[in-house]
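Worksheet for the structure shown next.
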Amino acid sequence: MLPEFRNEPFTNFSLPENQAAFRAALTIVKAQLGRTYPLVINGQRIELDKVSESINPARPKEVIGYFAEGDVKSVDQAVAAAAEAFKTWQYVPAEERARYLLRAAAEIRRRKHEFSAVMVLEVGKSWFEADADTAEAIDFLEYYARQMMRIADSSNQLTSYPPEHLALQYIPLGVGAVIPPWNFPCAIPAGLVAAAIVAGNTVVFKPASQSMLCGYIVAEAFWDAGLPPGVLNFVTGPGEVLGARMVEHPKTRFIGFTGSKEVGIEIFNKASVVQPGQIWLKRTILEMGGKDAVLVDETANLEAAAQGIVSGAFGFQGQKCSAGSRAIIVNDVYDHVAGRIVELAKELSIGPTDETNEMDMGPVVDKDAMRKIMDYIEIGTQEGQLLLGGQRLETPEGGYFIPPTIFGDVPGDARIAQEEIFGPVLTLIRARDFDDALAIANSTEYGLTGSLFSQNGARLEQARREFHVGNLYLNRKSTGALVGVHPFGGFNMSGTDSKTGGPDYLLLYTQAKSIAEKL
Ligand code: NDP
């Protein structure tokens, strides 16, 4: 019997031995930078002449790795391998499939700091953020392994009907396309892949182009766990080519995607078109962007609110779907809270994150992200009052650093109050009162996370009813969902509300078969 699920503890970096262990892992990873990585299809490593680079956003000249640049043919090969492997993998008992996840989890735990070190170098996470990402990857594997064992046979939920012998089995769907983003570059791919394969499906996995090494080491943990060839196939290359083909392929049965609203909508549309030879309607599990709000009323613990806002807005440079990028504060306490937010944000340190555990913020992920964020900052100067930041931080090595940037007195319908910026830009909005604040919070097309800081019980109740978000947090920040504790996923243009890390998630990767035998 398995021990009960427990979240993987975070590393305490105030202990010198943990700092030393993390530095040692960084040294190991740095010694391996610049290697070339293949596609892996049906267990075969496929090298290609054409490669694309993954770079360190803190030092863009530093190449993390070269990755084979696949094309439509590579996808077709990978889907064919996955379809072949599905013929047998679907019948492997759920408990055995779950054991592969547990072995992969043990492998990631063993190399924990190496996983985190890759994230520090490839996407610019701080030690703390990287460590939390690795812990979440382990959690997904441990949690879904247990959930699969629980749901494998749900016959005991049926009403008895003698003399029939009844069964309700959750069987897999088929070949899945797994298309994750770069911002939780280990946890999200680990979760998407684990859910798909533990449910008995086979997978073609294409990591985001900014985090291909993270994707590779996640896949490697599964392969090292002894997964049969063809169950997990790994391809790299541009999303608009490979991802699009993965979505459109007639043998693809489902798509597990996390990323932007724009790409999510495109996938939703494309997946709805029945291709020649396709004999099912594709299932889409699409988790998308957010414009998450943190509300503060006049009864709130204002210091806790200011701290929660700053940490939720600027953790990992604001590049989280759950980042509280709008702080909506009632007029009575607006000036005080805004002042405190600016003071706290000024204290955040920013720079390359590989030298010390004390760096709060690293670079944004790439040049395109930097341009987009700087464009929004330009728009912000027309729409609100710049209270902090607003300029790039130039470094000798040309890293993509943008310090915490805060705009005050922004109207609720301004672009920087409505559109996902996905960077360290916080918009402060002055509300007349609590009802006004709630209306502003609900006024975007998104509905992912939301926080309310208030000591007023009636308002907390009202928020439970009316604050339309998939993850509502009362008197705490909007980020930091834990597997099994805070099932995660949003409403409206934030996605299909799949609730990753929740008790129902795996059902999305299955179809139920009801069997009755008259005895
Ligand atoms: P993108 O949508 O740009 O990319 C996501 C993935 O889609 C990448 O692997 C990308 O590949 C691929 N892709 C790109 N174009 C296509 C296409 N035409 N067809 C199929 N696949 C394609 O998102 P980001 O990677 O920039 O991630 C950030 C976004 O993710 C933010 O909007 C954030 O809010 C959201 N997110 C949502 C979460 C949630 O749970 N709701 C959690 C985490 C992030 P390539 O990189 O090669 O282009």
Side-chain angles (χ1 to χ4, degrees), residues 52-54 57 67 69-72 75 122-123 133 136 140 177-189 191-192 204-212 214-215 234-249 252 255-271 282 284-292 316-325 364-366 368-370 372-373 419-423 444-449 469-471 478-481 483 486-502 505:
S52 37
E53 291 175 359
S54 171
F67 291 82
E69 193 174 316
D71 56 16
V72 166
V75 171
E122 194 174 34
V123 299
D133 199 313
E136 190 176 3
F140 277 133
V178 166
I179 309 177
W182 49 264
N183 72 328
F184 283 87
C186 287
I188 292 181
L192 288 168
V204 178
F205 160 39
K206 190 208 84 66
S209 294
Q210 297 89 339
S211 58
M212 292 186 281
C214 293
F234 177 82
V235 294
T236 38
E240 63 267 25
V241 179
L242 279 80
R245 177 63 184 161
M246 287 159 68
V247 170
E248 287 179 323
H249 197 293
T252 296
I255 296 115
F257 165 84
T258 306
S260 62
K261 180 192 82 176
E262 291 71 23
V263 175
I265 291 174
E266 193 178 327
I267 291 177
F268 184 65
N269 286 331
K270 281 192 178 146
K282 289 176 189 171
T284 51
I285 303 155
L286 309 173
E287 294 311 309
M288 301 158 21
K291 189 70 189 178
D292 308 308
F316 189 36
Q317 298 78 267
Q319 301 169 118
K320 297 184 188 178
C321 53
S322 55
S325 55
V364 299
V365 77
D366 62 13
D368 287 348
M370 188 177 67
K372 178 180 158 195
I373 297 163
E419 297 173 18
E420 186 183 48
I421 300 173
F422 219 57
T444 75
E445 61 183 336
Y446 295 106
L448 188 45
T449 73
V469 290
N471 284 73
S478 64
T479 54
V483 170
H486 313 108
F488 191 81
F491 301 154
N492 295 347
M493 281 300 166
S494 291
T496 49
D497 190 39
S498 64
K499 289 292 183 276
T500 58
Y505 185 67

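Ligands are counted one by one from 1 in listed order, and the atoms in each one are counted from 1 as well. Because the structure is a prediction, the values reported are computed rather than measured.
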- [ ] Indicate the atoms forming the closest heavy-atom contact of F234 with M212, along with that distance.
- [x] CZ-O, 4.1 Å
Open item on the list: Run the side chain to side chain donor-acceptor pair (under 3.5 Å) test against K270 and tell me which residues pass, sequence neighbours left out.
Closed with: E266
Task: Listed partners of Y446 passing side chain to side chain donor-acceptor pair (under 3.5 Å), at least two apart - done: none
Which protein N or O atoms sit under 3.5 Å from any N or O of ligand 1? Give each pair with its distance.
from: ligand 1; atom 1: 2 (O); to: S260; atom 2: N; distance (Å): 2.8
from: ligand 1; atom 1: 2 (O); to: S260; atom 2: OG; distance (Å): 2.6
from: ligand 1; atom 1: 9 (O); to: P180; atom 2: O; distance (Å): 2.8
from: ligand 1; atom 1: 11 (O); to: K206; atom 2: NZ; distance (Å): 3.1
from: ligand 1; atom 1: 18 (N); to: E266; atom 2: OE2; distance (Å): 3.1
from: ligand 1; atom 1: 23 (O); to: S260; atom 2: N; distance (Å): 3.4
from: ligand 1; atom 1: 25 (O); to: W182; atom 2: NE1; distance (Å): 3.3
from: ligand 1; atom 1: 26 (O); to: W182; atom 2: NE1; distance (Å): 2.9
from: ligand 1; atom 1: 30 (O); to: G259; atom 2: O; distance (Å): 3.3
from: ligand 1; atom 1: 32 (O); to: E420; atom 2: OE1; distance (Å): 2.6
from: ligand 1; atom 1: 34 (O); to: E420; atom 2: OE2; distance (Å): 2.6
from: ligand 1; atom 1: 41 (N); to: M288; atom 2: N; distance (Å): 3.4
from: ligand 1; atom 1: 41 (N); to: M288; atom 2: O; distance (Å): 2.7
from: ligand 1; atom 1: 46 (O); to: S209; atom 2: N; distance (Å): 2.8
from: ligand 1; atom 1: 47 (O); to: K206; atom 2: NZ; distance (Å): 2.9
from: ligand 1; atom 1: 47 (O); to: S209; atom 2: OG; distance (Å): 2.6
from: ligand 1; atom 1: 47 (O); to: G239; atom 2: N; distance (Å): 2.9

Task: Any F316 side-chain heavy atom under 4.5 Å of V123 side chain - done: yes
Task: L286: which of V263, I179, T496 passes side chain to side chain contact (heavy atoms under 4.5 Å, CB included) - done: T496
Side-chain donor-acceptor contacts of residues 238-249 below 3.5 Å, not counting sequence neighbours, with atom names and distances?
from: R245; atom 1: NE; to: D76; atom 2: OD1; distance (Å): 2.7
from: R245; atom 1: NH2; to: D76; atom 2: OD1; distance (Å): 3.1
from: R245; atom 1: NH2; to: D76; atom 2: OD2; distance (Å): 3.4
from: H249; atom 1: ND1; to: K251; atom 2: N; distance (Å): 2.9

